[in-house]
Every structure is written in C-alpha cells, then in structure tokens.
Amino acid sequence: MAYKIVFFGTSDFSTPSLEALLKDTRFEVVAVVTKPDAPIGRHQTLTPPPVKVIAQEHDVQVFQFEKIKTDESYDQLRGFLASARNDGKVDAYVVVSYGKIIPQRILDLPKHGCINVHGSLLPLHRGASCVQAAIAEGDQKTGVTVMLMDAEMDHGDILAQKEIAIGPEETGGQLHNRLSQLGAETLPDILAGYLDGKITPQPQDHSLATYCKLLSREDGKLDWTKSAAEIERLVRAYNPWPGTWTEWAGKRIKILKTFLSDLTSTKKAGELNVQNDKLVVICGDGNSLEILELQPEGKRAMTAKEFIVGRR
RNA sequence: CGCGGGGUAGAGCAGUUGGCAGCUCGCCAGGCCCAUAACCUGGAGGUCGUCGGUUCAAGUCCGACCCCCGCAA
C-alpha cells in the first residue's frame with residue numbers, strides 16, 4: 001500500500017518535487033497545502049500558486065490557509081487527516097519551499113514526521129535565499145539536502161545530500177532550476193527509504209551553520225564599495241530575483257550581466273564610465289567591472305553597446 | 001480600473017509653437033592603409049504600434065484599442 005503524503009509547497013522550486021511524488025506509485029499525495037492565491041504581476045491579477053495548479057490537475061485536495069498558525073487551520077487540517085478516507089493519519093509531510101513557518105502541532109500530525117527538501121548543502125545557507133547565497137558567497141559547489149524537520153529552521157537530521165558544481169557564469173535562476181530538478185530526482189527514493197526504515201538520519205554539524213535572509217528588491221541595490229568580484233557574483237546570484245540595480249541620472253538601471261575587466265577608469269568608484277563602446281565601473285577594491293547587459297527603467301533589456309549608442 | 005515610463009530605418013535614440021522624417025551604431029558598395037574593430041566617400045533601408053477624429057496639412061492635437069517595460073506584490 002502506498003505511503004500517504006501531504007505536500008506543503010508554493011513556488012516553482014517545489015513543483016518538480018510534487019510531480020515526482022504524484023507519478024510515483026509508492027506514494028499517494030492525499031492533500032496539498034499551499035499559500036493563498038495572490039495578486040501578482042503588473043496588473044495585480046489574482047493568481048494561484050503553481051503548486052495549486054498541478055494539484056488540481058491531479059484532483060488532489062488543496063488547502064490554502066491565510067494563516068496556518070490559527071486554531072481554525074489546525075482543526076481543518078486535522079479533521080481532514082482524521083477522516084475515514086485517510087484512516088487516521090498520513091505517513092509523512094513533504095515540505096518544499098512552502099513559504100510559511102508551519103506550527104509544531106501541525107508538524108506533529110503525521111506518523112513519521114516531516115521531510116524537507118532544501119536547496120543547499122546544509123548546514124550551509126539555512127534560510128530563504130539559499131540558492132542566491134551559494135553563488136553570492138562564491139561557493140564552488142552546492143546541492144540539495146533532504147532532511148527531517150525539527151523545531152528550528154533547516155536544523156533537522158539529514159537523510160541525504162546531492163552535490164552539483166556551480167558554473168562560473170551560472171545565474172541564480174539557472175541554479176534554482178537545476179537544484180529544483182535535483183531535489184525532485186532525489187526525493188522519492190530517499191523518502192521511501194526513510195519510511196521503510198532503511199535510512200538512518202544523521203545530525204548536522206551545527207557549528208558550521210550559516211544563514212541567509214529572505215530577499216527583497218531593495219537588497220538588489222548594488223553597493224559599489226564592495227569588490228568587483230563580489231559584485232559580479234551578486235549580479236549573477238540575484239538574477240532574476242531580486243535583480244540588481246543602481247541609480248543613474250535619477251533613474252533606476254537594472255544590471256543584468258557583468259564581467260571582471262582589466263580596463264581602468266578615471267572616474268570615481270561607482271560611477272558609470274563610457275570607454276569606447278564599453279561601460280566600466282570601478283569598484284571598492286579598485287578593480288573594474290564591465291557592464292555587459294543592463295535595463296534602464298521603462299526600457300527593455302539591452303547590451304551596453306546599445307545603451308551607449310542611444311545616448312550619443 | 002494600484003503608480004509610472006515607452007512603441008519613429010536591423011539596433012539604441014532625437015524630433016522644438018502641426019509644415020519635405022533625423023542622429024549614432026550596424027548593413028551594402030567603393031576608397032585609404034603594411035594592417036584594422038580606425039578613417040574617407042557613396043548607398044540601401046520608415047504604412048512614425050493599430051483604428052478613428054480635427055485640419056489645407058498630423059510623428060506632433062483629440063478619442064479608443066493593442067503591445068513592451070520600471071515600481072509595487
């Protein structure tokens with residue numbers, strides 16, 4: 001008989017994992033818990049989370065709690081799990097990029113605990129922006145961790161880890177997709193192995209833990225006093241979310257792609273300098289960064305050359 | 001109707017009070033040069049987002065619509 005699973009997830013990072021569980025006959029996804037539909041995009045169109053769309057396509061029960069901490073949410077979920085159809089309890093939760101803190105009493109409901117797929121090699125990069133952090137910190141490799149959840153964030157015992165190398169020009173978006181797929185490939189066998197009692201959870205070395213915060217657009221404002229190498233990594237890491245930008249002539253300009261250059265400039269650090277058909281900025285460590293692609297406010301993305309030509 | 005910028009040559013942009021549609025780059029041809037992404041000469045390439053209105057005359061003024069983008073989420 002298939003293990004009964006409740007899946008918690010919201011973003012695109014979680015959809016491959018959900019799909020992997022849905023098509024695996026060892027599991028039955030009895031319900032999906034996701035965030036409420038939210039106004040999204042330029043016109044604030046009310047949009048369902050991608051996870052909800054997939055769940056509905058498979059006729060899986062969907063819960064969207066406005067506030068998951070409330071008694072109401074707890075009672076509703078517990079009631080569902082206790083119904084005859086689910087004969088008492090589910091075997092486990094799988095939580096992938098749900099986006100909210102799940103209260104302990106809800107985590108306590110499944111028989112065998114809660115499994116989380118996290119997009120970094122824990123204990124490194126605990127928190128919400130693990131993919132960006134790996135690139136921004138200059139890590140050579142990263143990966144996914146499948147772990148048991150406990151009371152602290154990304155703190156539980158590890159069931160499995162898979163590593164991948166970070167490409168020298170890889171962006172946050174590209175890495176996000178690769179890790180998302182890697183997580184989905186890893187999850188089913190590890191989950192089954194754990195529920196079959198064949199995998200022994202290993203504690204993390206908490207002394208090595210690092211943390212990353214939830215990012216906002218404001219975090220993408222470039223600080224040109226940092227080193228050129230740091231900024232180059234940040235531009236890659238934060239592409240496409242939250243994006244990196246700088247103020248210029250009273251307008252916001254997104255910086256999409258940069259290159260560690262050996263060109264020099266007479267301008268002060270942080271000032272855009274046009275040299276021939278190149279755009280160069282001196283950074284805090286005295287090294288220069290060439291801006292290859294950018295996007296002025298209200299315009300489409302363009303190359304530095306196009307930007308310069310249009311300004312003459 | 002959340003706020004705001006914009007659609008003009010292949011690309012990026014300018015276009016004053018309506019009066020022959022321009023700039024830089026690119027492209028094509030030729031020239032210069034040891035050579036060139038440099039320089040010189042010539043050339044092609046536009047139904048000015050769409051539809052309608054005002055006018056002798058609309059890129060420009062008015063109305064509607066389509067599309068792209070920044071903020072916000």
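Note that the coordinates shown come from a computational prediction; the quantities given were computed from them, not determined experimentally. Every chain is numbered from 1 and lettered A, B, ... according to where its sequence line falls, protein lines coming before strand lines.
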Is the closest basic N to carboxylate O distance between A:R236 and A:E232 below 4.0 Å?
yes
Looking only at the side chains, is there a donor atom on one of A:S120 and A:H118 sitting less than 3.5 Å from an acceptor on the other?
yes
Salt bridge (charged side-chain N to carboxylate O under 4.0 Å, His left out) partners for A:K198, two or more places apart:
none
Closest listed nucleotide, where the reference is the side chain of A:E297 and the choices are B:rG70, B:rC25, B:rA72
B:rG70
Looking across every strand, which nucleic acid part, if any, lies under 4.0 Å from A:K254 by heavy atom: base, sugar-phosphate, or nothing?
sugar-phosphate
Should B:rG42 form a Watson-Crick or G-U wobble pair with both distances under 3.5 Å, which nucleotide is its partner?
B:rC28
Taking the ring of A:H176 and the ring of A:F13, is the distance between their centroids below 6.0 Å?
yes
Rounding to the closest angstrom, what is the interatomic distance between B:rU47 and B:rA58 at atom C1'?
14 Å
Which nucleotide, in any strand shown, forms a Watson-Crick or G-U wobble pair with B:rG63, with both distances under 3.5 Å?
B:rC51
For B:rG6 and B:rG10, measure between their P atoms and round to the nearest Å.
22 Å
How many whole angstroms separate atom CD of A:Q44 from atom C1' of B:rC71?
11 Å
Do A:R42 and B:rG2 share a donor-acceptor pair, side chain to base, under 3.5 Å?
no
Gap between atoms CG and P, on A:L46 and B:rG2 respectively (whole Å)
13 Å
In whole Å, what separates the P atom of B:rG19 from that of B:rA57?
14 Å
Please tell me whether A:D37 and A:Q64 have a donor and an acceptor in their side chains that are separated by less than 3.5 angstrom.
yes
Whole angstrom value for the distance that separates P of B:rG49 from CZ of A:R300
13 Å
C1' atoms of B:rG15 and B:rC20, separation to the nearest Å
14 Å
Salt bridge flag under 4.0 Å for residues A:R233 and A:D139:
no
Could you measure between the two P atoms, the one in B:rC39 and the one in B:rU24, and give it in whole Å?
12 Å
Counting any heavy atom closer than 4.0 Å, what does A:W241 reach on the DNA or RNA strands: base, sugar-phosphate only, or nothing?
base
To the nearest Å, give me how far apart CH2 (A:W248) and P (B:rG70) are.
19 Å
Between A:R217 and A:Q295, which is nearer to the 5' end of RNA chain B once each is assigned its nearest nucleotide?
A:Q295
Nearest to the A:M302 side chain among B:rG12, B:rA73, B:rC25, which nucleotide is it?
B:rG12
Please list, pair by pair, any protein nitrogen or oxygen found under 3.5 Å from a nitrogen or oxygen in nucleotides 6-9 of chain B.
none

B:rC71 to B:rU17 separation - C1' atoms, rounded to the nearest Å
35 Å
Please name the nucleotide paired to B:rC56 by Watson-Crick or G-U wobble geometry with both distances under 3.5 Å, or report none.
B:rG19
For B:rG70, what is the paired nucleotide under Watson-Crick or G-U wobble rules, both distances under 3.5 Å?
B:rC3
Taking the six-membered ring for Trp, are A:Y238 and A:W245 ring centroids under 6.0 Å apart?
no
Here the distance between atom P of B:rA73 and atom CD of A:E218, to the nearest Å, is 11 Å
Salt-bridge criterion met for A:D285 and A:K226 (N-O under 4.0 Å):
no
Can you measure A:E306 atom CD to B:rC69 atom P for me and round it to whole angstrom units?
15 Å
Whole-Å C1' distance, B:rG59 and B:rU8:
7 Å
Pair A:E170 + A:R178, salt bridge at N-O below 4.0 Å:
yes
What is the distance, rounded to the nearest whole Å, between atom NZ of A:K278 and atom C1' of B:rC25?
15 Å
Here the distance between atom P of B:rC71 and atom CD1 of A:I40, to the nearest Å, is 14 Å
B:rA44 and B:rU60, which share atom name P, separated by this distance in whole Å
27 Å
When you get a sec, tell me which of B:rG70, B:rU24, B:rC68 is the closest nucleotide to the side chain of A:V309?
B:rU24
